[in-house]
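Below: the structure, in structure tokens.
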Amino acid sequence: MDLLDTLTAKGLRGEVPTREEALAVLATTDDELLDVVAAAGKVRRRWFGRRVKLNYLVNLKSGLCPEDCNYCSQRLGSKAEILKYTWLKPDQAAEAARAGVAGGAKRVCLVASGRGPTDRDIDRVTDTMAAIQEADPEVEICVCLGLLSDNQAERLKAAGADAYNHNLNTSEKTYGDITTTHTYADRVDTVKKAHGAGLSACSGLIAGMGESDEDLVDVVFALRELGSDSVPVNFLIPFEGTPLAKEWNLTPQRCLRILAMVRFVNPDTEVRIAGGREVHLRSMQPLGLHLANSIFLGDYLTSEGQAGQTDLDMIKDAGFEVEGAGEATLPRHRADVAAASSAASACGTAASACGSGGGCGPCGGHAHAPASEDTAASAAEDAAASDGELRSDLVKVRLRGAGTELAPNA
């Protein structure tokens, strides 16, 4: 296929495709799917070999969010039966982080629900980072606390944070359809604040909210232009008790095409399969590893992932290997740019480097929203009425810690 030959050649050179070419990837047929995966897989291996970076979520504060993001189980007015609790103590968070590091996680992502942190919250998080780094000085730490105020990113950087996560989620054009309590511009501003402070930019999207192909391409190109070092791709799990509870729009094939498009647009950027991986890719998860070079290990914020050992077995069985703590994730030219940005911020020249940024995974209220098993059963009955509808009866999602005293990822 001429399209795939062109995209592969561009990707191997680190070049970005046109918007029309990106849209064409999403329009390919199921008969062409393996060809698409093979082509994007060549690009992935060119820049990242067969390494898979493991990331581990620690949910510092769950639920009780004042924002109204339609996709989120922690949103204002959510009736989702998730575990709600206020801030974990530093030693509790450090204990949870140790479980992920022991399983091979290179990065720990500290997440707290809410609009954004107070200065007291920043103090809490810096104490938590210190406890984690005391146990393992080499672990990378990504923080996700919502919208940042002036100087908060600098404080996190000074305390030892490596990255900040803040997802754009969808296109600017449709952002108002999913949230009204903050704007797309607010998110971009936080990404720029984090990047300007020398934090690694991690920002991604949520697919499956009823968006168009054009929306997906728009947000992925926006992330590229912002200079995200990592792009988490979340697949919406329609959570019972949220406005998007009935949005079952994804198939495994659709998810793979989305991942391939993200890889072609970001050939030399860390692409992470984030929330909804187990639910929507299902048995085709190993094919996703040929497109993305990063995943979350084990559980998520308010739902359980597959067992961590199952993740490790999948990586090995698919012919990939876990990326070591001493290895650089980004290719040399991208890593050099990130290091230069960090050094510039440290010597007070970050303002001139500002203008790109990111965020790193399904964080805070910006997570994949899981569905209850009752929701899946109800959707199954609807699906049975029409052979052409999606099979949500195949989905089984467990709420992590719901109705128990267990801390996240304990």
Side-chain angles (χ1 to χ4, degrees), residues 57 59-85 109-117 121 143-148 164-191 194 202-212 215-216 218-219 222-223 231-250 274-276 279-280 296 300-303 358-372 375 397 399-400 408:
L57 282 170
N59 198 1
L60 299 179
K61 181 166 73 80
S62 182
L64 312 174
C65 184
E67 301 299 286
D68 68 353
C69 306
N70 288 344
Y71 49 81
C72 184
S73 61
Q74 305 183 82
R75 73 188 298 271
L76 178 68
S78 170
K79 293 180 173 55
E81 296 180 357
I82 62 169
L83 188 63
K84 300 180 178 67
Y85 53 87
C109 301
L110 302 177
V111 183
S113 63
R115 179 178 176 83
D121 294 337
V143 182
C144 181
L145 307 174
L147 300 172
L148 291 175
Y164 195 81
N165 166 250
H166 201 61
N167 297 326
L168 296 187
N169 290 330
T170 193
S171 70
E172 181 175 14
K173 181 179 66 176
T174 60
Y175 195 82
D177 295 337
I178 62 169
T179 306
T180 66
T181 48
H182 61 268
T183 67
Y184 181 89
D186 290 332
R187 286 189 173 269
V188 171
D189 178 67
T190 285
V191 168
C202 172
S203 189
L205 63 140
I206 304 174
M209 297 189 291
E211 70 283 337
S212 66
D215 291 322
L216 286 172
D218 283 349
V219 68
L223 292 166
V231 178
V233 180
N234 296 284
F235 299 112
L236 176 75
I237 305 174
F239 207 131
E240 183 70 14
T242 67
L244 297 184
K246 304 302 181 183
E247 291 286 341
W248 291 97
N249 301 311
L250 297 171
V279 172
H280 292 296
F296 280 101
Y300 300 101
L301 293 176
T302 56
S303 68
C360 128
C363 298
H366 322 141
H368 36 280
S372 68
T375 304
V397 180
L399 301 185
R400 180 160 55 76

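Closest non-hydrogen pair, Y85 versus N59, comes out as OH-O, 2.7 Å. Considering every non-hydrogen atom in both L148 and P117, the closest pair reads CD2-CG, 4.0 Å. In terms of heavy-atom proximity, A207 sits nearest to L216 at CB-CD2, 4.0 Å. Shortest non-hydrogen contact noted between G114 and P66 is CA-CD, 4.0 Å. For the residue pair P238 and E247, the shortest heavy atom distance occurs at CG-O, 3.0 Å. When all heavy atoms of A274 and P232 are compared, the pair lying nearest together is CB-CB, 4.1 Å.
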Evaluate the side-chain contact (heavy atoms from CB on, under 4.5 Å) criterion for residues L147 and H166: first the C-alpha distance (whole Å), next the side-chain angles of each, then the deciding distance (0.1 Å), finally the verdict. CA-CA 8 Å; L147 300 172; H166 201 61; 3.4 Å; yes
Could you walk me through whether L145 and D121 pass the side-chain contact (heavy atoms from CB on, under 4.5 Å) test, one step at a time? CA-CA 9 Å; L145 307 174; D121 294 337; 5.7 Å; no
Would you check, one step at a time, whether the test side-chain contact (heavy atoms from CB on, under 4.5 Å) holds for L205 with V233? CA-CA 5 Å; L205 63 140; V233 180; 4.1 Å; yes
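Taking E67 as the reference, R115, T181, H182 meet the side-chain hydrogen bond (donor to acceptor under 3.5 Å, both in side chains) condition, with sequence neighbours excluded. For D218, the side chain to side chain contact (heavy atoms under 4.5 Å, CB included) partners two or more places apart in sequence, or in a different chain, are R19, S171.
For the residue pair N169/Y71, the side-chain donor-acceptor check at 3.5 Å is satisfied. For the residue pair D68 / T180, a side-chain donor-acceptor distance below 3.5 Å is found, with atom types taken as modelled.
Here T170 contributes atom OG1 and M209 contributes atom CE; the two are 4.5 Å apart, rounded to the nearest 0.5 Å. Atom CD of E172 is separated from atom CZ of R187 by 13.5 Å, given to the nearest 0.5 angstrom. Residue I206 holds its CD1 atom at 6.0 Å from CD1 of I178, rounded to the nearest 0.5 Å. Summarising the geometry, atom CG belonging to L110 is positioned 9.5 Å from atom CG belonging to L57; distances are rounded to the nearest 0.5 Å.
Between the side chain of N249 and the backbone N or O of G208, at least one donor-acceptor pair lies under 3.5 Å. No side-chain donor-acceptor contact under 3.5 Å links H280 to the backbone of N234.
Using a 4.5 Å cut-off on side-chain heavy atoms (C-beta onward), L168 and Y184 make contact.
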